[in-house]
Amino acid sequence: MSALRLPYVYRVPLCVPFWNWRTYAALARCIGRGEIVGGSDVQRLEQRLAALFSTASSVACNSGRAALELALRANGVGAGDEVVVPTFCCASIISPILALGAMPVLCDVGEHLTLTPATIEAAVTSRTRGVVVAHLFGNPAPIDTIEEFCRRRGLILIDDAAQALGAKLNGRLLGTFGDAGIVSFGSGKVCFGVGGGVLVSRQGAVMERARAARFPRAEAAPTLKRAAGVTVWRRWRHWSLPLQIVLSRIGKPAQGASYQGRAMANLDAAVASSLLDTLDDNLAARRARVDAYRTLLGQGPGCSLLPHGEGSACLAQLVSFSGGEQVALAVVRALREAGYEVDRSYQPLHLQAAYDKYARGALPNADRLWPALVELPCEPTVRMEDAKRIAEVVRTTGHAG
Ligand SMILES: Cc1ncc(COP(=O)(O)O)c(C=O)c1O
């Protein structure tokens, strides 16, 4: 018997950040003391991340996109250069490249939906200057072999661990491969704070250039507005989503992939620090949810789970349906009707009108793989009983297809 449910009131809304009491204390302290932009939290966060990534220093910015722009700039990427990026990714990866006057080149992905040396090879030309490797869903791409490939070909490699804070490949933290790495505290990430991104590099010269090219100081009003927005619309999404739907119908502008690079604000850093305090619990909870999906769905007919590598941060669990797009759509519908706000995965960038000009030819793997995908939530805010119920709905609906 299905319970009566109000529209847009989900038992488990999409991507609710995992905050702790220190997060609210950090917000209250920074606002109460007027330390929105200035304060000692940015320096403390930079030191903390430098220690985590075993680098001499780090540079904190107001978004992962800004950190990516700085990483590329500090490695000498500029006008006319080509930078290879995965087509199966969020659009955020494009704007930092364009901001430098460089040209993104969309590249196909392998069976596990990440770049591989073979897919990169097909996208490289004499103008290629660098490659940005993203570890989507917290799952490590084969960046060790890509690092070797880039070294051989003289290409700059940026290790984009925006979605993979705390994940490791062969015991080595993602973000530390290649010439520079970034992490993000933005929307939907492992440590989803009120925004911010950090650049790390083990190369002293890169960090020196990054510090010299630092963005201007953050601004208080946009920082406060963003923090209030994340708290109300994301952290309290369970209650605020219906209102957000109403506002969107009366013309509230959608958030785009554009950004304005700034240094990280003190408020962002204080919140990010509070989330680092619970990073181990956060990762353990995510991995437990992936294990539960694997146990409950791993052997089932009709669907297959994207395997997470051993050190994955398990941001989300991708499931692919052998019945294709129609089944994936039916699963999303069934889960939403059951009170779980889930979505399909990324539509490859080369299939979107705004980005198709950055593709050079056919990208068949991404074309073939994406329509059948659905993302299952792994946030610690999703209770284990709900993960089990989600698996049950997926099994029944995915199977039926
Ligand atoms: C792979 C990847 N890189 C970079 C970014 C940009 O991070 P931010 O949202 O903090 O700007 C994102 C954000 O979604 C991302 O998924």
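We count ligands from 1, going down the list as the structure has it; atoms in each ligand are counted the same way. For the single chain, residues carry numbers from 1 onward in sequence order.
In the model, His350 has no side-chain atom that pairs as donor or acceptor with a side-chain atom of Asp108 under 3.5 Å. With no hydrogens or angles considered, a side-chain donor-acceptor pair links Glu82 and Thr125 at under 3.5 Å.
Residues in residues 203-213 take part in these side-chain hydrogen bond (donor to acceptor under 3.5 Å, both in side chains) pairs, two or more places apart or across chains: Ser57-Arg211, Asp179-Gln203.
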Distance dump, ligand 1 polar atoms to protein, N/O, under 3.5 Å:
{"unit_1": "ligand 1", "atom_1": "3 (N)", "unit_2": "Asp160", "atom_2": "OD1", "d": "3.2"}
{"unit_1": "ligand 1", "atom_1": "3 (N)", "unit_2": "Asp160", "atom_2": "OD2", "d": "2.6"}
{"unit_1": "ligand 1", "atom_1": "9 (O)", "unit_2": "Lys189", "atom_2": "NZ", "d": "3.4"}
{"unit_1": "ligand 1", "atom_1": "10 (O)", "unit_2": "Gly64", "atom_2": "N", "d": "2.7"}
{"unit_1": "ligand 1", "atom_1": "10 (O)", "unit_2": "Ser184", "atom_2": "OG", "d": "2.7"}
{"unit_1": "ligand 1", "atom_1": "11 (O)", "unit_2": "Gly64", "atom_2": "N", "d": "3.1"}
{"unit_1": "ligand 1", "atom_1": "11 (O)", "unit_2": "Arg65", "atom_2": "N", "d": "2.9"}
{"unit_1": "ligand 1", "atom_1": "11 (O)", "unit_2": "Arg65", "atom_2": "NE", "d": "2.6"}
{"unit_1": "ligand 1", "atom_1": "11 (O)", "unit_2": "Arg65", "atom_2": "NH2", "d": "3.4"}
{"unit_1": "ligand 1", "atom_1": "14 (O)", "unit_2": "Lys189", "atom_2": "NZ", "d": "2.9"}
{"unit_1": "ligand 1", "atom_1": "16 (O)", "unit_2": "Gln163", "atom_2": "NE2", "d": "2.8"}

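Here Phe88 pairs with Tyr346 under the ring pair (Phe, Tyr, Trp, His ring centres under 6.0 Å) rule; sequence neighbours left out.
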Solution key, residues 220-232 side-chain donor-acceptor pairs under 3.5 Å, sequence neighbours excluded:
{"unit_1": "Thr223", "atom_1": "OG1", "unit_2": "Glu219", "atom_2": "O", "d": "2.6"}
{"unit_1": "Arg226", "atom_1": "NH1", "unit_2": "Val194", "atom_2": "O", "d": "2.4"}
{"unit_1": "Arg226", "atom_1": "NH1", "unit_2": "Asp268", "atom_2": "OD1", "d": "3.4"}
{"unit_1": "Arg226", "atom_1": "NH1", "unit_2": "Asp268", "atom_2": "OD2", "d": "3.3"}
{"unit_1": "Arg226", "atom_1": "NH2", "unit_2": "Asp268", "atom_2": "OD2", "d": "3.2"}
{"unit_1": "Thr231", "atom_1": "OG1", "unit_2": "Ala227", "atom_2": "O", "d": "2.7"}

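Cation-pi check for Arg237 over Tyr10 is not met; the charged atom does not lie both under 6.0 angstrom from the ring centroid and within 45 degrees of its normal.
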